[in-house]
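One structure below.
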Amino acid sequence: MTFDINRRELVKALGAFGGAAAIGSLAAPSRAQGGPIRLGLIAPLSGSQEIVGRYQLAGATIAVNQINQAGGILGRQVELVTRDDKANPAAGVAASKDLAGSGVNLMFGILSSGVALAVAPTLADDKSVLVVSAAAANELTHEQYTRNVFRSADHAYARQRALAKLVLTDFPDTLNWTAINPQTAIGASNWDSFVDGIAQYSQEAGKPAEITEALWTKFGATDYKNEISQLMRSKSEGLYCGVYGGDAVTMFGQAAAYGLTKKFKVIVDPGSEFIIANAMGKNTPPGLWSGFHWYHGAYEGHKINDDLYNAYVKETNDPHPAGYVGETHTSVLAYASAIQKAGSTETDAVIAALEDLEFDSCKGMRKIRKEDHQSICDLNFVQFGPDEGSDKGWKVTGHRIIKDEGVSEAPTPGVPIVFKHKKA
Amino acid sequence: MVDYVLSPLFNGLFMAMVVFLFTTGLTLIFGILRVLNFAHGGFFMIGAYVAFSIVRLVGGETSVLAYLAISTVAGIVVGLLGLVVERVIFRPLQKVDEAYSLIATYALLLITEGAVKAVWGVSFHSVATPDLLGGAVFAGDLFMPTYAIFIIAIGVASYALLEWVLQHTDTGKLMKSVASDPWMAGMLGVNVPRFYTFIVVLGFFLAGIAGGLLLPNQTLSPNLASTFVIQAFGALIVGGMGNIRGTFLAAIMLCVIDSFGSLLFSEVPGLFFYIAMTAALLLRPQGLIAGARL
């Protein structure tokens with residue numbers, strides 16, 4: 001029952017974040033140097049991804065409050081202005097145009113890669129900057145690269161290759177992998193990156209892995225029984241569950257009768273974070289490794305991490321902040337460092353300052369590469385399992401930080417990413 | 001044989017019964033009141049959330065009997081909501097153009113989504129299948145989850161019961177007569193407004209009980225309202241617009257074809273539902289069972 005109360009409190013508290021942001025959004029435009037520095041958050045505050053948008057808003061709000069309590073940036077307070085993209089590309093473009101029209105040239109946030117890819121080409125004309133806090137598509141820093149877009153979060157290539165590195169370290173004999181993936185751009189991008197990592201690291205270990213063809217499902221599918229039946233007949237020992245979030249909960253729920261989680265030695269997912277465990281409780285797949293944008297438990301003792309975690313828990317009573325909280329928090333810190341460095345909030349000055357920027361964040365130091373504007377940072381993973389003894393029914397059974405030492409690709413802005421190790 | 005025929009057939013039948021259970025209330029209300037209730041999914045979702053809350057209240061694990069009882073309670077709660085909706089929304093809609101019902105029920109759908117967010121939040125939830133239904137049955141190499149067999153049985157039994165009521169009872173005959181000519185039924189002494197209220201409450205009850213029954217199969221979130229809408233309206237339209245038998249047959253046809261299509265052409269999952277729907281409408285634009293209400 002404690003969990004229920006916490007969840008209600010979380011909703012109320014996150015709602016309060018929304019209320020505060022709405023008031024901020026109604027404030028009159030101001031670009032005066034003496035006025036507040038206005039940062040525009042674009043996030044899915046309604047629609048199917050609202051839950052993530054609320055996390056993004058929470059992280060951004062905490063960062064802005066912390067900065068203001070510490071005296072602001074260049075002696076100016078920071079004001080958060082929010083716009084809802086509904087995880088929809090058209091709504092995202094409208095949100096960014098609206099912000100630019102309101103005099104907000106410094107934007108951040110965005111969950112959906114589709115939204116980020118739609119917004120990116122419009123920024124130069126609007127003389128705006130966007131720091132992407134979550135959208136992970138590789139294209140954003142490759143063929144769709146634009147000077148006005150930065151990504152302070154990790155990207156699909158780095159995360160999924162790091163996941164491959166993790167599983168081959170922990171399960172060196174699990175060398176035959178298959179997948180069930182959503183038929184989306186990010187689903188394909190994630191899988192290609194994971195396969196690339198598996199191929200490279202297994203070859204380096206002298207035990208080449210084998211990849212069985214992935215199954216593709218409709219995003220938002222309601223029934224996975226055909227796919228589960230096929231997976232049950234698979235000879236693979238490792239399962240990459242590319243369906244994520246609510247879809248993964250549905251898939252694992254339907255797979256229980258088949259014993260899917262017992263069939264595979266290792267099951268990984270690209271980034272559902274706490275969603276599967278929170279929804280499934282004691283039915284959480286044992287040993288499931290999940291990718292995280294930021295896992296607070298991995299950085300205990302690091303001041304930025306601890307302050308963010310404590311502020312979040314104080315506001316929400318939720319002890320499990322999603323990684324999205326950390327990533328919008330990080331984007332605000334990136335702007336704070338860049339504005340401080342530039343001594344200005346003008347677009348060109350901030351772009352120049354963000355390039356090659358090194359700054360501290362909730363998961364340690366990050367560097368934004370000058371060439372492609374991609375952040376190089378730690379990659380976080382958490383392992384879950386059921387816990388009959390707790391109210392919530394699950395527990396974290398392990399976590400891992402993979403340093404990005406050769407995990408990310410070399411910067412090639414304007415050029416599609418090359419999966420050097422993945423066979424066609 | 002098992003991999004490419006029996007397994008997709010079984011899975012397609014299961015999905016068909018899921019869609020049919022979801023659609024029965026919608027079909028009933030459209031067949032009699034001619035109100036295309038866009039909010040149907042919203043009340044299905046509320047039924048699922050009510051059942052979820054009761055399951056949590058009783059400790060998370062349920063027997064099959066308790067699961068059925070909880071689903072029935074969810075149906076009753078949603079049926080009572082239907083009583084309010086009939087009085088406040090559907091009754092006034094009887095006097096205006098049908099187009100207004102689309103707008104009004106869409107608005108009602110948004111209200112249900114907002115209400116669910118306010119009461120239960122936006123997090124994902126799930127409920128495990130009752131232990132007795134959590135296993136599986138093997139027929140040779142064919143793997144059939146017990147829960148799927150149970151839902152297929154419930155779907156077929158629901159259809160059989162509705163058919164029997166419609167074809168062989170006075171209530172059924174009354175329903176069909178009001179559906180085909182409410183004015184004449186009124187002239188012959190039927191209290192049509194009260195009858196409409198009964199149908200709406202019954203339709204909402206069916207939505208709520210379906211929400212409870214299908215709870216272990218789906219993830220709970222405020223998006224659940226729209227999860228089956230496409231399949232439901234597909235079955236409703238292909239079935240002949242408001243005909244229970246047509247909806248039942250259409251659900252089976254569309255879902256089984258989709259199941260085979262998704263297996264054989266896995267790179268285009270879900271596409272075959274639309275191909276089957278388009279083909280059915282081109283070949284039989286009047287629907288599988290045409291001309292007969294209910």
Side-chain angles (χ1 to χ4, degrees), chain A residues 1 3-4 7-12 14-15 46-54 180 182-183 213-230 232-233 245-259 272 274-276 278-283 318 393, chain B residues 2-3 7-8 10-12 14-15 18-19 53 56-57 60-61 113-114 117-129 133-136 141-148 214 216-224 226-228 231 255 258-260 262-263 266-271 273:
Chain A
M1 288 307 290
F3 179 56
D4 280 345
R7 190 180 338 106
R8 277 196 291 275
E9 288 173 352
L10 167 65
V11 169
K12 282 181 196 164
L14 291 178
S46 66
S48 63
Q49 301 300 323
E50 181 180 338
I51 184 169
V52 176
R54 291 187 184 201
I180 175 168
Q183 201 173 51
E213 197 174 344
L215 302 175
W216 296 92
T217 69
K218 192 172 72 170
F219 177 69
T222 53
D223 193 76
Y224 294 91
K225 289 189 181 60
N226 274 335
E227 290 79 10
I228 294 165
S229 298
Q230 290 180 76
M232 290 303 290
R233 291 193 293 273
D247 288 1
V249 177
T250 299
M251 201 282 285
F252 281 121
Q254 294 177 357
Y258 293 78
S272 291
F274 291 112
I275 289 175
I276 295 173
N278 266 337
M280 301 194 74
K282 66 183 175 61
N283 299 306
D318 170 25
Chain B
V2 169
D3 295 356
S7 186
F10 176 79
N11 293 334
F14 167 74
M15 198 57 209
V18 168
V19 170
S53 293
R56 277 286 174 95
L57 208 61
E61 289 182 7
E113 288 179 344
K117 284 179 190 175
V119 176
W120 286 281
V122 295
S123 299
F124 295 101
H125 302 288
S126 74
V127 167
T129 310
L133 300 177
D141 287 340
L142 179 62
F143 185 94
M144 298 181 289
T146 316
Y147 174 75
L214 298 175
N217 193 56
Q218 302 304 141
T219 305
L220 268 184
S221 79
N223 306 315
L224 183 62
S226 52
T227 299
F228 295 111
Q231 291 102 317
C255 292
D258 184 51
S259 180
F260 279 99
S262 294
L263 181 72
S266 65
E267 64 277 16
V268 284
L271 182 67
F273 187 91

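Chain A is the first sequence line, chain B the second, and so forth, proteins listed ahead of strands; every chain is numbered from 1.
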| task | Heavy-atom pairs under 4.5 Å with chain A are the metric here; pick the option from Asn223(B), Val268(B), Leu263(B) that has the most. | result | Asn223(B)
| request: Give, as side chain, backbone, both or neither, the part of Gln231(B) having an atom under 4.5 angstrom from any heavy atom of chain A. | output: side chain
| query | Taking non-hydrogen atoms and a cut-off under 4.5 angstrom, which of residues 141-148 of chain B neighbour chain A? | reply | Phe143(B), Pro145(B), Ala148(B)
| query | In chain order, what residues pass the side-chain hydrogen bond (donor to acceptor under 3.5 Å, both in side chains) check against Asn283(A), with sequence neighbours excluded? | reply | none
| Got Asn217(B) and Lys225(A) here, is their nearest side-chain heavy-atom distance under 4.5 Å? | yes
| remark: Among Gln230(A), Gln254(A), Met232(A), the residue with the most heavy-atom pairs under 4.5 Å to chain B is Gln254(A)
| Between Phe10(B) and chain A, which part of the residue has a heavy atom less than 4.5 Å away: side chain, backbone, both or neither? | neither
| Under a 4.5 Å heavy-atom cut-off, does chain B meet the side chain of Phe252(A), its backbone, both or neither? | neither
| field | Leu271(B) side, atom CG; Gln183(A) side, atom CD - distance, nearest 0.5 Å | value | 9.5 Å
| task | Please answer whether the main-chain N or O of Ser259(B) pairs with a side-chain N or O of Asn226(A) as donor and acceptor at a distance below 3.5 Å. | result | yes
| field | Gly47(A) to Lys117(B) - nearest heavy-atom pair and separation | value | N-NZ, 4.2 Å
| request: Go through the atoms of Ser229(A) and report whether side chain, backbone, both or neither lie under 4.5 Å from a heavy atom of chain B. | output: side chain
| task | To the nearest 0.5 Å, tell me how far Asp223(A) CG sits from Gln218(B) CD. | result | 7.5 Å
| remark: Per-residue tally against chain A (heavy atom, under 4.5 Å) across Ser221(B), Pro8(B), Ser262(B) peaks at Pro8(B)
| remark: Val249(A) and Ser126(B) have their tightest heavy-atom pair at CG1-CB, 3.7 Å
| Partner of Thr250(A) under side-chain contact (heavy atoms from CB on, under 4.5 Å), chosen from Thr219(B), Thr227(B), Leu220(B) | Thr219(B)
